[in-house]
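Let me begin by presenting the structure, written as structure tokens, before commenting on it.
Values below: all heavy atoms of this structure, side chains included; hydrogens, waters and symmetry mates excluded. Each ligand, and each atom within it, is numbered from 1 in the order the structure gives.
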Amino acid sequence: MRVLVTGGAGFIGSAVCRHFIRDLGHEVVVVDKLTYAGNLASLAPVLSDPRYFFEKLDICNADAIGAVFSKYRPHAVVHLAAESHVDRSISGSNVFVHTNVVGTFTLLEAARAYLSANKAVRENGFRFIHVSTDEVYGSLGESGLFSETTPYDPSSPYSATKAASDHIAKAWHRTYDLPVIVSNCSNNYGPYQFPEKLIPLMVLNALHDISLPVYGDGSNVRDWLFVDDHARALGLILEKGLPGETYNVGGRNERRNIDVVRQICACLDELRSGKPSHDRLITYVTDRPGHDQRYAIDASKLETTLGWRAQETFETGIKKTVRWYLERDDWWRPLRDNVYRGERLGL
Ligand SMILES: NC(=O)c1ccc[n+]([C@@H]2O[C@H](COP(=O)([O-])OP(=O)(O)OC[C@H]3O[C@@H](n4cnc5c(N)ncnc54)[C@H](O)[C@@H]3O)[C@@H](O)[C@H]2O)c1
């Protein structure tokens with residue numbers, strides 16, 4: 001299968017490309033603008049594979065996207081390109097509306113034109129997987145889980161633009177019969193995550209012996225999923241998912257932010273024995289505006305209908321992740337030195 005992967009140079013996109021090429025044997029055409037968050041070093045394990053192709057493009061460029069469909073004639077699209085950091089969306093929402101909403105619309109229209117000119121591609125089971133987030137559902141109280149039918153109630157400019165793009169993608173299925181599938185996943189973590197997100201930020205600040213800023217009182221709960229489990233879920237959804245359906249993806253790993261940070265400190269204490277205890281660096285800072293209190297995913301539809309199971313627990317995944325950042329300063333140091341130094345965003 002030849003799959004067009006947008007945002008393939010990003011954190012999750014690169015994990016998808018590595019999995020699709022090395023484990024599933026798919027051909028992958030990456031379409032990526034290479035914003036600050038895109039990094040070809042994350043694709044190093046597949047860059048010389050003959051099944052890998054790359055086009056540096058903005059998904060909002062309709063002509064260029066149309067030309068990519070004609071050139072590669074993909075059997076599927078997995079759409080991950082997006083502006084993805086909530087704090088940046090608070091400081092500058094314009095690019096979020098542009099990429100997440102207009103970019104998704106542009107891709108859907110290009111896919112529609114491609115299918116109407118190539119009926120055989122549709123008959124051969126073409127799929128458009130729109131990759132989204134659990135943040136579209138808003139915030140939960142102390143109990144309950146997000147299901148696929150939970151009403152949308154986004155809080156941040158990021159989640160509002162993702163929600164808008166989900167609605168557009170679903171409407172293109174209902175109105176134009178485009179074979180769209182939407183996935184809504186919980187917080188991802190793992191190797192190759194850009195250092196502005198909670199887990200890599202804490203690991204790298206701790207390695208630099210500077211404070212570990214926890215928003216508010218640290219009680220906000222996220223449901224963590226190891227990135228390779230998300231990539232495996234998307235591979236399965238592509239193979240067996242049904243057009244028009246939504247699948248929630250999550251690993252049943254709810255953790256309070258403060259407990260995540262403490263667990264990272266405990267891993268670092270173990271891996272860097274002899275250093276003073278890392279949790280002395282924890283500091284509480286002004287909360288994020290509009291900070292959702294709790295997210296938790298019910299992934300039973302994906303588990304029962306497609307047979308997916310998360311392979312990593314938070315305990316095994318966080319150890320792998322912390323160890324990876326300790327070993328791979330060749331990957332993160334250029335980003336930390338030249339692109340993002342750990343400063344507070346989104347106040
Ligand atoms: N990170 C998470 O925890 C999480 C959870 C659920 C869903 N998601 C969704 O998964 C997708 C990928 O998330 P991520 O964390 O890997 O993001 P990321 O920020 O690491 O990567 C985004 C990628 O998209 C590219 N990109 C941005 N704007 C573009 C444009 N206009 N044209 C082409 N390429 C562009 C960037 O260069 C980058 O390579 C996003 O759609 C996000 O909403 C993320």
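Proximity to S132 (heavy-atom distance under 4.0 Å) selects the following atoms of ligand 1: 6 (C), 7 (C). Set against the non-hydrogen atoms of N187, the atoms of ligand 1 under 4.0 Å away are 3 (O). Within ligand 1, counting atoms from 1 as listed, the ones closer than 4.0 Å to a heavy atom of S186 are 5 (C), 6 (C). Close contacts between ligand 1 and F11 involve ligand atoms 15 (O), 16 (O), 20 (O) [criterion: under 4.0 Å to a heavy atom].
When only non-hydrogen protein atoms are considered, atom 21 (O) of ligand 1 lies nearest to G10 CA, 3.4 Å. Regarding atom 34 (N) of ligand 1, its nearest protein heavy-atom neighbour is K33 N, 3.0 Å. Scanning all protein heavy atoms for the shortest distance to atom 28 (N) of ligand 1 gives T99 CG2, 3.5 Å. Nearest to atom 22 (C) of ligand 1 among the protein's heavy atoms is A82 O, 3.4 Å. Closest to atom 41 (O) of ligand 1, if we only count protein heavy atoms, is K162 NZ, 2.7 Å. Nearest protein neighbour of atom 42 (C) of ligand 1, counting heavy atoms only, is Y158 OH, 3.5 Å. Nearest to atom 8 (N) of ligand 1 among the protein's heavy atoms is I12 CD1, 3.9 Å. Among protein heavy atoms, the minimum distance from atom 37 (O) of ligand 1 is reached at D32 OD1, 2.6 Å.
When every heavy atom of M1 is checked against every heavy atom of A76, the shortest pair comes out as SD-CB, 4.3 Å. In this structure, A9 and L43 approach most closely via the heavy-atom pair CA-CD1, 4.0 Å.
Of the residues listed (D292, N248, D153), the one engaging Y137 in a side chain to side chain donor-acceptor pair (under 3.5 Å) is N248, and it is the only one. With respect to Y192, the ring-ring contact (aromatic ring centres under 6.0 Å, His included) criterion is satisfied by exactly one of F11, W331, W332: W331.
Comparing G8, S183, S84, C185 by heavy-atom distance to atom 18 (P) of ligand 1, the nearest is S84.
Only the backbone of L34 comes within 4.0 Å of ligand 1, counting heavy atoms alone; no side-chain atom from C-beta on gets that close. Neither the backbone nor the side chain of Y192 comes within 4.0 Å of ligand 1, counting heavy atoms alone. Looking at L57 against ligand 1, only its backbone comes within 4.0 Å, counting heavy atoms.
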Trace of the side-chain contact (heavy atoms from CB on, under 4.5 Å) decision for E303 with R309: CA-CA 6 Å; E303 292 167 345; R309 285 281 179 291; 3.1 Å; yes

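Residue A81 has no nitrogen or oxygen atom sitting less than 3.5 Å from a nitrogen or oxygen atom of ligand 1, judged on distance alone. The shortest N or O to N or O distance between T35 and ligand 1 is under 3.5 Å. Below 3.5 Å of separation, one finds an N or O of D58 facing an N or O of ligand 1. Looking at ligand 1, you won't find any N or O of C60 less than 3.5 Å from one of its N or O atoms. Every N/O-N/O distance between T133 and ligand 1 stays at or above 3.5 Å. Distances between N or O atoms of L80 and those of ligand 1 include at least one value under 3.5 Å. Residue H79 places no N or O, backbone or side chain, under 3.5 Å from any N or O of ligand 1. Between N39 and ligand 1, a contact under 3.5 Å exists for no N or O pair.
A salt bridge does not link D279 to R262: none of the charged nitrogens lies less than 4.0 Å from a carboxylate oxygen.
Relative to the six-membered ring of Y189, R222 misses at least one condition, a distance below 6.0 Å or an angle of at most 45° to the axis.
For the pair E312 and K320, the minimum side-chain heavy-atom distance is below 4.5 Å. A 4.5 Å side-chain heavy-atom check between R73 and Y114 finds at least one atom pair inside the cut-off. At a threshold of 4.5 Å between non-hydrogen side-chain atoms, the residues H19 and D228 do not count as touching.
Side chains of T161 and N100: a donor on one and an acceptor on the other come within 3.5 Å. Looking only at atom types and distance, the side chain of Y72 has no donor-acceptor partner in the side chain of E27 under 3.5 Å away. There is a side-chain donor-acceptor pair under 3.5 Å between Y152 and D166.
With hydrogens and angles ignored, the 3.5 Å screen pairs a side-chain donor or acceptor of N61 with a backbone N or O of A64.
Heavy-atom separations between Y189 and ligand 1 are all 4.0 Å or longer.
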